[in-house]
Structure formats: C-alpha cells, structure tokens
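Each chain gets a letter, A, B and so on, in the order its sequence line appears, and its residues count up from 1.
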Amino acid sequence: MVLAVFAEEEKWGKELLAGARALAPGLKGGKVLFLNIGPDGARKDPAALLSAGADEVIDVALPLKAFKVEEYTDAVVAAVAGCDLKLLLVPATKNGRDVAARVAQRLQVGCSTDTVALRASHGSLEVDRAVLGGSALATLRFAKLPAVATVPSGVFEPKGGHQGTAKRTMEVTTDARNAAIIGIAPQAAGGVRLEDAKVVVAAGRGLKKKEDLKLCDALAAAVGGEVGCTRPLSADLKWLSESHWIGLSGKRVRPKLYFAVGVSGQIQHVAGMRDSGTIVAINKDPDCPMFSNTDYGLVGDLYEIVPALVAAITAAKGR
Amino acid sequence: MRAAWLRAHAREGPDGGALNTVTLLPAAGGGAVTRIAICAKHVVDVARVKIDKETNEPILKGVGKKVSVADKNAMEEALRLKDAVGGAQLVVYTVGTPDAKDSLKELLAMGADKAVILTPSVPLSQLDSLATATILADAMRADGVPQIIVCGDASEDDTSSQVGPRLAEALGISNVSIALKTTGHTDRVEVSRDSGNGTITIDARFPTLITVTEETNKPRLPNIMQIMAATKKPVELRGPETLPSLQHPPVGLVPVRVVALPSDRKGIILKDLPAAEMAQRVVADLKKAGLIGGD
C-alpha cells in the first residue's frame, strides 16, 4: 500500500510529502513515494525529499527539454504501476492540474482540483474544495481509491527529520502522442512566480494608465512583494504579461498579505485570491464587491492612499 | 501514437455516424481537417448565487444560467483554427439537460454548425470530471474523433480544469492546456503555453486537444443576422439510451455537501479620513500582526 507525491517544485513536494505522511494511517497506506520525474537537470536532490517524508524516491529521466503532459503522465502511471496506490498528491499548478487529470482518467478514478482539506479515515478519503466562484465549499468523497488530488501551496507544512533511504531509478517508455516541443522561450522579462510570493499587490482597473503601475511597484517594493493584476490589465490592456493575471483561470494565489489596488472584486478575480491571509483593499467606490471580502477596506483615491501606505510602511520598518 | 490514433478512430464510420464499420483512414496528418469540436457547459451565473441563511447552503434554484465564460474563448479559437485549416464542420458538445440550448444558441450564433446535448440518466450534480470526460469521449468516438478539439480551461461553477486533459487521455490524443496562442496548419497546430518557467511551443499533429482561457483571445460578438440564423441550426438531443456512459456514468468523486464559505474577514472599512491617517492605522495593525517590518 502506497501513497505517492509528484511535484516539479521541491518546496511544494516537501509540503505534499508531509501531507501524505499525515494521511497515510487513515488510508491504511504504508510507504510514501516521491516521483522524481523530469529531464536531466530538473529532477530534485533525493536526500532532501527523503528527509521531508519520502520512504523512497523513484527517479525517472525523461528525454524532454520542458514539461509535456503526455510523457509525464506515462511516467507517473508507470512509476505507481503494480503497487497498491491509495493516493497521489500533485501541486495545484497549471502543469500539476494537467498531469493529475490525465493520470486520473487513465486510472479511471476521481480527482479533486485545488483541494484545501483532506480527511482520511477507515480507508476512505473526503476532501474540501471551493466551488461556485469561491462562494461555497464543497465536500466530496472518493468513490474508490486510488484518489488523485491537486493541492495549493500552504495546505500542508513541510516537516524534516524523516529517515527515508530508498532510491530507485526507473526507465519508462513514453508516448508523445504525436506532439513535440519545438520552442522554449525562457521566462519573459517581468515574468513572476506569484504563487510563491508572501505578499501580492494586485492592480485593477482603478489605475488610469500603464505608468501608474509604478504606484503598485513601489508598494510591492516596500513590503517585499510581487505585483499581479486583474484580467483586463493583462488580457485587454496588455499592461502586464499573462503571468501576472490573478483569477479563476489565471494564477490562484494565497499569500500572507494581499493588497487589492483599484480592484473592483469581480467574482472571477476573487476566486483566484480568496485564500489569502490578510486582505487590504483600496477603492474609491464604497460599494464595490471587493470590500465585502476584505480585512481592511480603504475608501478613497488610490493615487493618494497607495503613496501614503508606502510612506507608512517605510516608517514602520525604520522603527 | 499511430496505434492510439487508430484506436480512437476505430469505431468511426464513413459518414461519421455508423459505428459498426471499421474504415481505413488516411495517415495522421495526411488528410484534410473535416471535424472540429468544442466542449461547452451551461452553468449557473455564479455571481448571482445567494446563500440560504437558515441552511447556509447556496441557492441554485431559479438562478439564471449562461454559457461558461471560457467556452466562448474556446469557440473563438475553434473558429480561427477552422479558417486556418481551410474549413471543417464545427460541432459543440455539451453534457447537460435540454435547457442547455439557451447557451448553445450563443455558440451557434458565433459560428458553430451544430450542437449536441448529451443528457445522462442521473442528475447533473452527481457527475464529476471522470463522468463528463468519459461521456464526451464516447460521443465523439461515435461521431468520429474530431481532428481538433478546443475546451475552456475550467468551468465557472466547478473550476476543476480536468475535462480537457481527461478527454484527450480518454481519446488517446495529445493535449496542450492553457494555450496562449495557436497557429493552425492543414495537418497540425502550433500552440504556445506558459510552462511555469517560460513559454514553450508545442507542435501537435492532429488529432489534438487545446484548452484556452479568457486570456487566449477576445470572443467575437455575433450580429443580429447570425443570431437569427442560429435558431435554424441543428441542436441534437441525445438521451441516456444513446451511450452506455450516459446510462451509467462512471463517477470518481461523490458530492457530500456544499456550504457557503464562511467569511472570516475583519471587514474594517476606513473612509472619510485623510489618506495618511488611514494608511497609518492599517500599517500599525499589519505590523502588530507581523506582516510587515519583520525583516
């Protein structure tokens, strides 16, 4: 009986290994595997994963230059074939959701996306996830195991001190399904990893022109955060690249602190940030939906309030 | 790959309808594109869902329904690809009840040739992505697997982001999720996507499946003539008797309950104060909570 974790990101992998260890008794599971899949150079140091909770690290080298879902799916399925798999945990990233869905279809089992809680007992698994644009929480039960779940960062706390030792290398034959990577452009200048940011400053339509993003840049610099935006700023106005877009189909973030600057609070945007720790919203419209989903709502002109926040933060840090 | 492609096409008849004839098909990539499909979902307008104060459950009854937003982007991308490959029949598939017609009309007005509504024997609330993708795959196999399938990345109500990649897996074909841009050719499509660390371009030979988001394109608005013409386009209703997976949908995730998400936000609203004063009050609290100034 086995629980498995696949992650492209080592930090996230460690969180999910802690999760798998915590869930193993309730699923009557035994061994926890980490599936170390990827091209040469992209795979993780097994030692870190063994101490983070893996009993065994299975290394699968793929002849690819970047993530491609067909080969990764084949590798995950091959790595868990023949063992009595109870649960596969995968990060809730674009790539993670993609591979989790294909693996679950191949195994003919359910998959829970963006799972915020998992409860295992007597060999069955119940999960919670947000639905209806983030306004409601659904509880679901897996009809049978194995279960597949994608999990956002921050649901499990990574733990050290595990004494896993086993390492195995597997050769996997994959099928590209007649699709090939023909170009790789490194992350465009200004590309961000919003999912990892502790503080996010989101810019919305309350900003009048592209140059005014400097206000958000200054706030982000003061708090050590990253700038993101709502869909219109990236899709329609093209002020910021796609990697900045926070929302339902954009990035789903959960930083400790979230500033919404001139963000009206459309449900599609809120769905991408509602799990943030503390939310501070700045908007001139006291009736905007953002204010019903905030810890601090500052009603007024963002062109005055944001610089005032920067000044207050700078002063607070100096003390 | 060739084996998977043949497998996917094995039940396809010469007219795309007959199931019992196995036809020899042109080599993958060699034949012209004849079929493009998109998948769509008729969803409740999530922005209008209210909460029942007594039960703390969302009230879905009576809430207006609409086509899930990214499905219009799927339609737009499919139309662009149709032009690029030199024309094809464009079919919209949905798993839903006959009232989904209202949403499908909008997609037919945008330019789809035909819509198919697949209605299972059980309430839609009992279906998960495994069931939906399996039903769609079975229906497409019965009609002949399209060379190009476009889906929205996620539906507005459930946001699972699974049906696209699951459908591709069920059909044994490639998929490229969350496309930024597509360039169609007669036998393949080049798709760029954000891989997390940069943009990659994938050359996908047909058949393939692409998922799109609101970022991918700007859906066209049909004119009044197109809206009128759409009412005459065929909407095919297929009931549980038409497919075993509609009769007995395979379900992996069983709903237990849905409750309103408690808002545990502080909800402190500051107004009619000088900007500096508001800023200082908030920053003092954030500092107390260890959120700033801790470094």
State, to 0.1 Å, how close [X] and [Y] come at their nearest heavy-atom pair, and which atoms those are.
X      : Y      : value
A/T73  : B/E169 : CG2-OE1, 4.0 Å
A/I267 : B/V46  : CD1-O, 3.7 Å
A/S276 : B/R265 : O-NH2, 2.8 Å
B/I202 : A/A179 : CG2-CB, 4.1 Å
A/A101 : B/P165 : CB-CG, 3.7 Å
A/K94  : B/I178 : CG-CD1, 3.6 Å

Among B/A276, B/G267, B/P255, B/A204, the residue with the most heavy-atom pairs under 4.5 Å to chain A is B/G267
Check each atom of [X] against the heavy atoms of chain A and say whether the ones under 4.5 Å are side chain, backbone, both or neither.
X      : answer
B/V258 : both
B/L180 : side chain
B/A168 : both
B/E190 : side chain
B/D203 : both
B/T208 : neither
B/R193 : side chain

Practice prompt. Check the side chains of A/S234 and B/E215 for a donor-acceptor pair under 3.5 angstrom, ignoring hydrogens and angles.
Written response: yes
- Message: Could you tell me if B/T134 and A/Q105 have a donor-acceptor pair between their side chains, going purely by distance under 3.5 Å?
- Response: yes
Check step by step if side-chain contact (heavy atoms from CB on, under 4.5 Å) holds for A/R102 and B/N175. CA-CA 10 Å; A/R102 280 196 84 127; B/N175 78 286; 2.7 Å; yes
Check for a donor-acceptor pair, side chain of [X] on one end and backbone N or O of [Y] on the other, with a separation under 3.5 Å.
X      : Y      : result
B/E214 : A/R231 : no
B/K287 : A/A316 : yes
B/D157 : A/L132 : no

Salt bridge check: are B/D158 and A/R129 linked by an N-O gap of less than 4.0 Å? yes
Most contact-rich option vs chain B, by heavy-atom pairs under 4.5 angstrom, among A/R106, A/E304, A/K256, is A/R106
Of A/I182, A/N293, A/V199, the largest count of non-hydrogen pairs under 4.5 angstrom with chain B goes to A/I182
